[in-house]
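Notes for the one structure printed next.
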Amino acid sequence: MNTTDSCEKWAVILLHGVGADASQLRFLADRWQRHFPSVKFTAMEAPFAFDGAAEDKARQWYSLQDVDEENRHERVVAARSDFMRCLEGICGTRSRLVLVGFSQGGTMALDALMYGNWPLSAIVTFAARSALRPPYTPCPHAKALLIHGKADFVVPEGNSVEAAAILKAQGVETELALLPNVEHVVSPSGVRLAERFLARLFGKSISE
């Protein structure tokens, strides 16, 4: 990948967690837009209403009703077509795409990377649950940063450890960051790691 290409070619799409909406990660889009003004940053809304609560704004990428480790992959597969339609409506003419996902949004980013659903350049995940199953067809030359808190009792850190091992075995250039005393959140330390990863990807520098 030629990181010296103009940032005007890049789009970064942020994927929120289950039971939230696009506003959950809009602070990241706003922050990173200031760091990288030529990159298009968008917080994307999941296509489905959250079926675990009555709030009008709560959304989900796939249902958690009766989900388990055996059927989670099938739920993600079933959600792919709607997920791709959402991406198509956002990317426009940008030719290099990065997905940044928290929790269930990270699960969708991992799926898009490992099954070649979209020509991704990179993903960043925060506290993502792994739902990967072979056979894999990863996006060529893509990079990944997986960030997970070691105090996460909602989605244990082992999910990112497992996903990182799978990605590396498939030739994906992967960084894994396990953060002590961080729970199921997008932490300030995780944000800084992601910023440095994006800066390297774009061939830019940022001030701390």
Side-chain angles (χ1 to χ4, degrees), residues 1 3 7 10-46 59-61 96-114 120-132 142-169 172-208:
M1 184 188 311
T3 55
C7 279
W10 291 91
V12 177
I13 298 179
L14 297 100
L15 312 173
H16 62 78
V18 67
D21 60 24
S23 65
Q24 183 185 55
L25 296 183
R26 197 162 285 135
F27 79 98
L28 278 182
D30 294 340
R31 175 188 174 109
W32 291 343
Q33 193 71 75
R34 293 191 294 271
H35 283 310
F36 311 107
S38 297
V39 177
K40 179 181 180 181
F41 289 90
T42 305
M44 189 167 99
E45 195 100 307
R59 311 294 294 176
Q60 65 188 21
W61 304 99
R96 297 187 182 277
L97 177 64
V98 181
L99 298 181
V100 178
F102 169 66
S103 195
Q104 194 182 77
T107 301
M108 297 305 297
L110 284 168
D111 182 78
L113 173 67
M114 290 303 288
L120 297 179
S121 293
I123 66 167
V124 177
T125 64
F126 295 91
R129 191 178 294 278
S130 176
L132 301 173
K143 300 181 180 181
L145 170 62
L146 279 52
I147 302 169
H148 216 119
K150 299 186 75 171
D152 189 339
F153 300 109
V154 177
V155 178
E157 64 181 283
N159 281 269
S160 285
V161 173
E162 174 187 309
I166 293 171
L167 267 59
K168 290 177 180 179
V172 178
E173 185 177 328
T174 304
E175 300 175 35
L176 172 65
L178 302 178
L179 307 181
N181 304 314
V182 171
E183 300 180 356
H184 193 66
V185 295
V186 178
S187 68
S189 57
V191 170
R192 289 191 293 272
L193 286 171
E195 285 171 356
R196 291 195 288 270
F197 176 82
L198 291 175
R200 293 194 302 272
L201 196 68
F202 302 149
K204 301 293 181 180
S205 60
I206 58 172
S207 57
E208 296 291 341

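Only a predicted model underlies this, so the values are computations on that prediction, with no experimental measurement involved.
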Between Leu167 and Leu132, is there a side-chain heavy-atom distance shorter than 4.5 Å? yes
Nearest heavy-atom approach of Phe197 to Leu145 is CB-CD2, 3.6 Å
Here the gap from Leu176 atom CG to Glu162 atom CD, rounded to the nearest 0.5 Å, amounts to 12.0 Å
When rounded to the nearest 0.5 Å, the distance separating CE of Met108 from CD1 of Ile13 is 12.5 Å
*pair Glu157-Asp152: side-chain heavy atoms closer than 4.5 Å*: no
query: So Phe36 and Phe202, would you call those rings parallel, tilted or perpendicular, with 30° and 60° as cut-offs?
result: perpendicular
Worksheet item: So, the side chain of His16 versus the backbone of Ala43: is there a donor-acceptor pair under 3.5 Å, distance only?
Response: no
In terms of heavy-atom contacts, Val39 and Trp10 come closest through CG1-O, 3.7 Å
| message | Within the 4.5 Å heavy-atom criterion, are Leu14 and Trp32 side-chain neighbours or not? | response | yes
Test item: Phe41 and Arg31 side chains (from C-beta on) under 4.5 Å apart, heavy atoms
no
Rounding to 0.5 Å, atoms CG (Leu193) and CG (Leu146) come to a distance of 12.0 Å
Exercise. Does a side-chain heavy-atom distance below 4.5 Å link Val161 with His148?
Worked result: no
Note: Ile123 and Leu120 closest approach over all heavy atoms is CG2-CD1, 3.8 Å
Between Thr107 and Ala131, the two heavy atoms sitting closest are CG2-CB, 4.0 Å
Here the pair of heavy atoms bringing Leu201 nearest to Ala122 is CD2-CB, 3.6 Å
Review point. Any donor-acceptor pair under 3.5 Å linking the side chain of Asp30 with the backbone of Phe27?
Key: no
Please confirm whether the backbone N or O of Ala144 pairs with a side-chain atom of Thr174, one donor and one acceptor, at under 3.5 Å? no
Between Ala194 and Phe126, the two heavy atoms sitting closest are CB-CZ, 3.9 Å
### Task
Identify whether the distance between the nearest side-chain nitrogen and carboxylate oxygen of Arg196 and Glu175 falls below 4.0 Å.
no
Going by heavy atoms in the side chains, are Val172 and Met114 under 4.5 Å from each other? yes
Are any non-hydrogen side-chain atoms of Leu25 and Val186 less than 4.5 angstrom apart? yes
OG of Ser189 to CD1 of Ile147, rounded to nearest 0.5 Å, is 8.0 Å
Rounding to 0.5 Å, atoms NZ (Lys143) and OG (Ser121) come to a distance of 9.5 Å
Give a yes or no on whether the backbone of Ala22 and the side-chain of Glu45 come within a donor-acceptor separation of less than 3.5 Å. yes
Donor-acceptor contact below 3.5 Å, side chain Trp61 vs main chain Gly17 = no
In this structure, CZ of Phe153 is separated from NE2 of His184 (nearest 0.5 Å) by 13.0 Å
